[in-house]
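Sequence positions, counted from 1, serve as the residue numbers for this chain.
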Amino acid sequence: MGNSPNRLYSALAPTLSSAPLSQHIPAKLDQEQDLDPADPVELLRECEEVLRTRPARLHRAFVCQNGSGDHRQQPIRVMQWNILAQALGEGMDSFVRCPLEALKWNERKYLILEEILTYQPDILCLQEVDHYFDTFRPVLSRLGYHSSFCPKPWSACLDVANNNGPDGCALFFRHKRFQLLGTTHLQLAAKMLETNQVAIVSTLRCRATGRALCVAVTHLKARSGWERLRSAQGSDLLRNLQNITQEAGRAAAAAPGEGEPGVGMGVPLLVCGDFNAEPSEDVYCRFATSSLGLDSAYKRLSSDGQTEPPYTTWKIRPSGESCHTLDYIWYSHQHLNVDTVLDFPTAEQIGPDRLPSYNYPSDHLSLVCDFSFCDSPE
């Protein structure tokens with residue numbers, strides 16, 4: 001595309017300052033004014049045209065689950081993805097087997113949008129977003145999404161020359177499907193000290209069913225040696241989620257004709273994130289045993305329903321090959337059913353140079369699940 005104008009970016013949102021961290025944002029302040037609507041099929045075709053000289057994208061299949069939900073409902077599709085901050089990918093992450101040309105933003109942004117447009121989630125949770133205001137917010141707003149962005153207080157992106165600002169977490173949802181009841185931005189704490197990791201928690205009401213749903217997105221501390229910090233961050237997030245879901249449950253119960261089953265335990269919860277933690281870590285155990293009643297949706301791909309996938313990220317750096325399971329979609333198993341799960345590409349499909357690559361824009365694979373509300377709590 002070069003520097004020529006294009007349809008995808010014909011309507012850009014102005015750069016806005018972010019709300020302070022650890023602050024509740026009233027629903028009416030967090031909603032966005034819709035730009036001119038766009039046709040997702042047309043935008044997908046535009047992405048494919050820009051990417052026509054690149055290898056075909058990774059094709060993945062949905063695996064159906066034997067859920068007991070109400071199949072009269074339209075499923076809620078949730079996408080979790082660490083998209084790789086542009087400044088980090090080009091300036092700090094040292095993907096030694098990925099050509100620098102494959103990481104250039106003028107084409108990589110289309111690979112990211114192609115992935116999102118292919119699966120068309122109702123709820124989209126992203127990490128390492130450093131092009132929120134100039135790319136993702138305006139484009140996805142035209143597709144009917146409302147959103148919220150929470151930057152890291154001390155983003156490493158700012159240390160890279162010609163950066164586009166700090167990276168952070170972003171949460172998008174389809175306004176036609178959900179009403180926003182409120183959003184909270186959190187700066188996660190460890191032993192009462194604020195850290196550099198953040199989370200967004202939004203409370204939504206499903207317009208079709210009238211039921212409330214809390215959705216959280218987070219990105220915990222990276223690298224080995226920081227397991228105790230990740231555990232403390234996870235504990236802080238769980239405490240906040242307990243309070244937010246219980247308050248949302250009380251509010252739902254007080255609203256005429258909009259009571260929730262299981263109000264005493266709060267409303268159903270989805271937690272999406274790059275936890276930077278294998279299932280063997282303490283922070284994973286804390287989420288798996290929490291009183292919030294959470295389970296990991298991607299365990300449903302395993303034959304026993306108890307095992308996480310072998311990898312969600314796979315890259316090669318100067319220190320060697322890194323293949324780990326770090327990304328999760330947690331859900332309230334008493335209130336939500338997992339209907340389908342998007343499977344992962346094989347090692348052969350990914351290729352010997354691993355990720356990112358000319359046909360995949362991030363070192364993390366996206367996670368996509370379809371959920372439905374249970375008829376009643378178990």
Side-chain angles (χ1 to χ4, degrees), residues 58 60 78-85 88-89 92-95 98 112 115 124-129 152 155-156 167-171 188 190 195-200 216-238 270-288 290 294-302 306-317 319-331 341-347 350 354-357 360-369:
L58 298 175
R60 302 161 64 183
V78 178
M79 185 176 192
Q80 147 61 29
W81 197 15
N82 179 332
I83 61 172
L84 175 61
L88 301 182
M92 298 183 72
D93 275 339
S94 301
F95 300 117
C98 179
I112 297 172
E115 182 89 347
L124 172 63
C125 296
L126 302 179
Q127 300 85 41
E128 291 200 21
V129 179
K152 293 178 182 176
S155 169
D167 74 303
C169 294
L171 193 156
L188 299 178
T195 70
N196 192 36
Q197 278 62 51
V198 299
I200 302 171
V217 54
T218 194
H219 188 187
L220 302 187
K221 174 65 180 174
R223 298 186 179 89
S224 61
W226 294 94
E227 292 82 3
R228 293 178 65 183
L229 180 61
R230 281 192 288 272
S231 180
Q233 290 175 337
S235 295
D236 186 49
L237 178 56
L238 286 168
L270 290 164
V271 186
C272 299
D274 174 0
F275 279 58
N276 276 306
E278 292 275 9
S280 57
E281 273 199 33
D282 184 64
V283 66
Y284 180 96
C285 181
R286 288 182 182 274
F287 270 75
S290 164
L294 300 174
D295 199 4
S296 174
Y298 261 75
K299 292 195 304 183
R300 302 295 291 269
L301 284 179
S302 64
Q306 300 299 317
T307 308
E308 294 288 354
Y311 50 82
T312 64
T313 179
W314 202 343
K315 66 202 94 177
I316 302 176
R317 285 177 166 154
S319 57
E321 194 157 358
S322 175
C323 180
H324 297 288
T325 299
L326 306 177
D327 307 88
Y328 306 96
I329 298 178
W330 296 93
Y331 71 102
V341 179
L342 183 65
D343 206 350
F344 288 110
T346 64
I350 292 172
R354 307 315 183 198
L355 305 172
S357 64
Y360 202 79
S362 176
D363 55 326
H364 289 251
L365 292 158
S366 64
L367 280 59
V368 185
C369 296

Keeping Glu128 on the side-chain end and Ala85 on the backbone end, is there a donor-acceptor pair under 3.5 Å? yes
From CD1 (Ile83) to OG (Ser366), nearest 0.5 Å: 11.5 Å
Minimum heavy-atom separation for Val78 and Ile329, please, with both atom names. O-CD1, 4.2 Å
Taking the side chain as every heavy atom from C-beta outward, state whether Leu220 and Trp226 have any atom pair closer than 4.5 Å. no
Run the ring pair (Phe, Tyr, Trp, His ring centres under 6.0 Å) test against Phe344 and tell me which residues pass, sequence neighbours left out. Tyr298
Could you state the interatomic distance from CD (Glu281) to CZ (Phe287), rounded to the nearest 0.5 Å? 12.5 Å
Could you check whether any side-chain heavy atom of Glu308 comes within less than 4.5 Å of a side-chain heavy atom of Glu278, counting everything from C-beta outward? no
Could you go through the side chain to side chain contact (heavy atoms under 4.5 Å, CB included) check for Arg230 and Gln197 one step at a time? CA-CA 9 Å; Arg230 281 192 288 272; Gln197 278 62 51; over 6 Å; no
Could you measure the distance from the CG atom of Leu355 to the CG atom of Leu84? Nearest 0.5 Å is fine. 10.5 Å
When rounded to the nearest 0.5 angstrom, what is the spacing between CG in Leu342 and CG in Leu301? 8.5 Å
Do the non-hydrogen side-chain atoms of His219 and Asn276 ever get within less than 4.5 Å of each other? yes
Exercise: identify the closest heavy-atom pair between Cys323 and Tyr311: SG-CB, 3.4 Å
Testing Val129, Asp274, Thr313, Thr312 one by one against Asn82 for a side-chain contact (heavy atoms from CB on, under 4.5 Å), which residue passes? Asp274
At what distance, to the nearest 0.5 angstrom, does OG of Ser357 lie from CG of Asp363? 11.0 Å
Ring centers of Tyr328, Tyr284 separated by less than 6.0 Å: yes
Can Lys221 and Thr195 be said to form a side chain to side chain contact (heavy atoms under 4.5 Å, CB included), step by step? CA-CA 9 Å; Lys221 174 65 180 174; Thr195 70; over 6 Å; no
Salt bridge (charged side-chain N to carboxylate O under 4.0 Å, His left out) against Arg317, all qualifying residues, sequence neighbours excluded: Asp93
Could you measure the distance from the OG atom of Ser155 to the CG atom of Asn196? Nearest 0.5 Å is fine. 7.5 Å
Short question: side chain of Thr325, backbone of Pro309 - any donor-acceptor pair under 3.5 Å? yes
Hey, are the side chains of Tyr360 and Ile350 touching, using non-hydrogen atoms and a 4.5 Å cut-off? no
Does His364 reach the side chain of Gln80, with side-chain heavy atoms less than 4.5 Å apart? no
